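Each remark here refers to the structure printed beneath this line.
Since the structure is predicted, the reported quantities are computational estimates derived from the model, not experimental observations. Remember, it's 1-based here, ligands and their atoms both numbered in the order they're listed.
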Amino acid sequence: MSSARTGVVVAIDGPSGSGKSSTSRGVATRLGLRYLDTGAMYRAMTWWMLQHGVPVDDAPAVAERCGEPVIETGTDPQNPTIAVDGTDVARAIRTAEVTCAVSPVSAVPQVRARLLGLQRAAIDGGGIVVEGRDIGSVVAPDADQKVYLTADATARAARRAAEEGGADLSATETSLLARDRIDSTRTASPLMMAEGAVHVDSTPYTLEEVVDLIVGLVEDAG
Ligand code: DC
């Protein structure tokens with residue numbers, strides 16, 4: 001990649017389990033870019049709410065406290081880190097308890113506004129691959145390359161169940177579809193394909209093939 005392209009911003013959006021994290025990290029590593037997992041930030045906010053006994057379905061209560069947690073994210077694609085109030089929460093944010101609570105927390109507009117500020121600060125200067133649900137539409141609408149990554153629900157559930165150490169496949173699919181529904185129908189920044197995004201359906205491809213495809217798109221866009 002030429003030095004003129006080092007400020008590039010790549011936005012990768014899509015539903016849960018579409019392979020966004022592995023793909024985004026792979027693309028960032030191949031292109032020598034930083035990496036930001038915005039889903040981890042929503043999970044970190046949710047973890048903090050649960051730790052502090054804030055009822056996650058009570059939107060005004062969540063809104064009132066969402067300015068408090070200090071959320072710090074590392075941007076090395078080989079070693080993505082996330083800390084809340086100085087505590088490493090990289091594992092804690094992947095528990096079923098957090099996964100079940102994250103959709104209502106991320107539907108609160110004040111939560112989104114707070115995290116949007118942190119995300120834009122991290123993106124500042126570019127040279128980064130950013131994954132989430134609203135990156136191409138809201139967080140970085142001027143991104144140099146936008147990708148909307150999807151996969152069949154069954155393929156997504158199989159990946160997620162494997163990540164979770166062999167969790168029940170049909171329960172995983174049901175929970176993925178429920179989260180998709182909440183994430184796509186909420187009023188504040190719903191999951192959607194951004195204008196100008198390239199739709200990549202990863203179902204028939206290996207991770208390496210999807211990474212190759214997106215690296216090619218970014219290089220061609222330059
Ligand atoms: O990508 P993930 O499954 O770790 O994301 C966790 C949740 O965070 C997901 O259910 C929706 C929410 N999210 C969001 O609302 N906006 C983003 N940019 C990223 C994630």
Side-chain angles (χ1 to χ4, degrees), residues 9-25 28 35-50 56-57 59 62-63 66 69 71 73 75 77 80-82 84 89-123 128-141 143 146-151 153 156-157 159-164 167 172-194 197 202:
V9 175
V10 181
I12 302 187
D13 291 303
S16 310
S18 55
K20 284 193 309 295
S21 294
S22 315
T23 304
S24 302
R25 290 173 63 181
Y35 160 72
L36 183 68
D37 176 1
T38 63
M41 300 171 86
Y42 285 95
R43 288 173 177 272
M45 176 68 81
T46 304
W47 176 85
W48 186 94
M49 295 291 164
L50 294 169
V56 293
D57 288 316
V62 169
C66 71
I71 298 173
T73 50
T75 57
T81 57
I82 182 141
V84 182
V89 293
R91 291 171 73 94
I93 61 169
R94 305 287 163 194
T95 60
E97 195 193 5
V98 171
T99 300
C100 289
V102 68
S103 279
V105 171
S106 51
V108 175
Q110 290 86 345
V111 166
R112 304 203 70 83
R114 165 98 205 281
L115 295 184
L116 178 67
L118 298 180
Q119 289 158 11
R120 291 222 172 119
I123 295 167
I128 194 162
V129 178
V130 189
E131 69 154 287
R133 303 291 190 288
D134 62 343
I135 309 308
S137 56
V138 175
V139 179
K146 301 180 191 179
V147 173
Y148 190 69
L149 191 65
T150 61
R156 294 195 281 129
R159 280 180 201 156
R160 203 30 79 90
E163 274 165 26
E164 288 169 2
T172 306
E173 185 170 340
T174 306
S175 130
L176 273 182
L177 291 174
R179 276 210 291 152
D180 284 359
R181 200 160 39 247
I182 303 178
D183 295 344
S184 312
T185 56
R186 68 179 176 224
T187 320
S189 307
L191 167 67
M192 55 144 115
M193 182 159 147
S202 69

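Without hydrogens or angle criteria, Ser106 side chain to Ser103 main chain gives a donor-acceptor distance under 3.5 Å. Side-chain atoms of Arg114 come within 3.5 Å of backbone N or O of Pro69 as a donor-acceptor pair. At least one donor-acceptor pair closer than 3.5 Å links the side chain of Lys20 to the backbone N or O of Pro15. Counting only distance, with no hydrogens or angles, the side chain of Ser202 and the backbone of Thr150 share a donor-acceptor pair below 3.5 Å. Arg186 places a side-chain N or O within 3.5 Å of a backbone atom of Ser189 that can act as its donor or acceptor partner.
Listed by number with element, the atoms of ligand 1 under 4.0 Å from a non-hydrogen atom of Asp183 are 9 (C), 10 (O), 11 (C). Counting atoms of ligand 1 from 1 in the listed order, those under 4.0 Å from a heavy atom of Ser103 are 10 (O). Close contacts between ligand 1 and Val102 involve ligand atoms 7 (C), 8 (O), 10 (O) [criterion: under 4.0 Å to a heavy atom].
The side chain to side chain donor-acceptor pair (under 3.5 Å) test applied to Asp134 returns Arg112, not counting sequence neighbours.
Proximity of Arg133 to ligand 1, defined as any heavy-atom pair under 4.0 Å, is shared by backbone and side chain alike.
Thr38 OG1, 3.4 Å is the protein heavy atom nearest to atom 19 (C) of ligand 1. Nearest protein heavy-atom contact of atom 20 (C) of ligand 1 is Gly39 CA, 3.5 Å. For atom 8 (O) of ligand 1, the closest non-hydrogen atom of the protein is Tyr42 CB, 3.5 Å. The protein heavy atom nearest to atom 12 (C) of ligand 1 is Ser106 OG, 3.6 Å. Protein heavy atom in closest approach to atom 18 (N) of ligand 1: Asp134 OD1, 2.8 Å. In terms of protein heavy-atom proximity, atom 4 (O) of ligand 1 is closest to Arg43 NE, 2.7 Å.
A salt bridge links Asp183 with Arg133: the distance from a Lys NZ or Arg NE/NH1/NH2 to an Asp or Glu carboxylate oxygen falls below 4.0 Å. Classification of Arg156 and Asp180 as a salt-bridged pair holds, one side-chain N sitting under 4.0 Å from a carboxylate O.
At least one heavy atom of Arg112 sits less than 4.0 Å from an atom of ligand 1. Judged by the shortest distance from any of its heavy atoms, Met41 lies outside the 4.0 Å radius around the atoms of ligand 1.
Glu131 and Ser21 are linked by a side-chain donor-acceptor pair at a separation below 3.5 angstrom, with hydrogens and angles left out of the test.
For ligand 1, the polar-atom distance check finds an N/O of Arg186 within less than 3.5 Å of one of the ligand's N/O atoms.
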